[in-house]
There are 2 protein chains.
Amino acid sequence: MMPRATACPDVVGDLQVFKASFFKALAHPVRIGILEELVRREMSVQELQSALGLEQPLVSQQLSVLRTNNVIAGRKEGVIVRYRVRDRLVGDLLDVARAIFNNQLTGTQDLLKQLRKQSRRPLS
Amino acid sequence: MMPRATACPDVVGDLQVFKASFFKALAHPVRIGILEELVRREMSVQELQSALGLEQPLVSQQLSVLRTNNVIAGRKEGVIVRYRVRDRLVGDLLDVARAIFNNQLTGTQDLLKQLRKQSRRPLS
DNA sequence: TCTATATATTGCAATATTCGAATATATAAT
DNA sequence: ATTATATATTCGAATATTGCAATATATAGA
């Protein structure tokens, strides 16, 4: 049976459930990493693997979560699958999120430095 | 012991973990509902309760998650606690998300109608 | 066909989240 | 001190997610 996005009180609307599952799709460190790459350019699984330094099954697994939630789409080119973000607005979403983190992280200097190092979508 | 935001491969950076836990904080239907209210105006727990039609402990519980993740803050006024969104950008984030949902939902007419009905931040 | 390469899926134990019920705390009024 | 009201926390069973290992599939070339 189709796994429900979230078990939750039925007093809460379908729309909220839908929105929540979208955010849930982003709510994983590896998936964030993947998206930050894909927002810049289309990439194959291999490229993601080496860009992130992760094992292939882990990457495929998390790609599958993003695919299921319609955040990304993949097109097959022979034996290679190239993934891309489905909606350019996802880039904007990550930008706004980054701005929020920036305000929020005052204090933890390490993370702040890392955050600032991230170029603000130079390509695209 | 401080609960870790996410159990995850240590090959993934602290910053990604941090970002993921922010999105995780939004990744719940009730919490989305709460935020959509708070983005418009500061509200007490009671007001949220009746606006959303939820039990008090559930609301307090989810408020606590949002508080812990620094998404909202509450100030005490006597016996009443009024909550507000910590960063105005959260409103922008929800707006971008709404735009993405809007693009994504072509097909499921019911949800689409509901989504469009939501006024685009009339106050604030 | 056999092999190599790229990607996807499955199984499962460990861990985390959820939500409702019960209970706790804090403030104000009588 | 008692009561009432507003909010917060704790407990626990049901459920969901995670991550690793193993395995599966699909395509291309020899």
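So that the names make sense, note that chain A is the first sequence line, chain B the second, and so on, each numbered from 1. Worth knowing before you read on, the calculation uses all heavy atoms, side chains too, and leaves out hydrogens, waters and symmetry mates. These figures come from a predicted structure and were not determined experimentally.
- The CD atom of Q49(A) sits 10.5 Å away from atom CE of M43(A), with the distance rounded to the nearest 0.5 Å.
- Side-chain N/O atoms of N102(A) and R116(A) include a donor and acceptor closer than 3.5 Å.
- Contact annotation: Y83(A) side-chain N/O to dA6(C) OP1/OP2 distance is not under 4.0 Å.
- Comparing dT17(C), dT7(D), dT7(C) by their nearest atom to the side chain of K24(B) picks out dT17(C).
- If you check the side chains of Q46(A) and S50(A), you find no donor sitting under 3.5 Å from an acceptor.
- What separates CD of Q49(A) from C1' of dA6(C) is a distance of 9 Å, to the nearest Å.
- L93(A) CG to L89(A) CG: the interatomic distance, rounded to the nearest 0.5 Å, is 8.5 Å.
- With rounding to the nearest 0.5 angstrom, the CZ atom of R31(B) is 5.0 Å from the CD atom of Q62(B).
- With 3.5 Å as the limit, one finds no donor-acceptor pair spanning the side chains of Y83(A) and R75(A).
- No hydrogens or angles were tested; on distance alone, nothing pairs the side chain of Q62(B) with the base of dC19(C) as donor and acceptor under 3.5 Å.
- Within the 4.5 Å cutoff, side-chain heavy atoms of I32(A) are placed close to those of K19(B).
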Base-contact (B) and sugar-phosphate-only (S) positions in nucleotides 25-30 of chain C, heavy-atom cut-off under 4.0 Å, - elsewhere = -BSS--
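- Summarising the geometry, the separation between CD on Q46(A) and P on dT27(D) is reported as 17 Å, rounded to the nearest angstrom.
- Atoms CZ (R75(A)) and C1' (dT27(D)) sit 16 Å apart, rounded to a whole Å.
- If you measure from atom CG of L66(B) to atom C1' of dT9(D), you get 16 Å, rounded to the nearest angstrom.
- When each of dT7(C), dA21(C), dG11(C) is scored by its nearest atom to the side-chain atoms of Q61(A), the top-ranked nucleotide is dG11(C).
- With distances taken from any side-chain atom of S60(B) to the nucleotides dT18(C), dG19(D), dA8(D), the minimum falls on dA8(D).
- Distance, L54(B) CG to dG20(C) P: 9 Å, rounded to whole Å.
- We find that NE2 of H28(A) is positioned 12 Å from C1' of dT15(C), with the value rounded to whole Å.
- Here the straight-line distance linking atom CD1 of I100(A) with atom CG of D87(B) works out to 5.0 Å at 0.5 Å rounding.
- Counting to the nearest Å, the C1' atom of dA8(D) and the CD1 atom of I80(B) are 15 Å from each other.
- Comparing Q56(A) and R31(A) against DNA chain D, the residue whose closest nucleotide sits nearer the 5' end is R31(A).
- Looking at heavy-atom distances under 4.0 Å, E55(A) makes no contact with the nucleic acid at all.
- The end-to-end axis angle of the helix from dT1(C)-dA30(D) to dT30(C)-dA1(D), rounded to 10 degrees and based on five pairs per end, is 10°.
- Distance L58(B) CG to dC11(D) P: 19 Å, rounded to the nearest Å.
- Taking only side-chain nitrogens and oxygens, R67(A) comes nearer than 4.0 Å to OP1 or OP2 of dT9(C).
- Counting heavy atoms from C-beta on, the side chains of R82(A) and E47(A) come closer than 4.5 Å.
- Comparing dT9(D), dT7(D), dG19(D) by their closest approach to the side chain of V81(B) singles out dT7(D).
- Listed for the N69(B) side chain is a donor-acceptor partner under 3.5 Å among the backbone atoms of V65(B).
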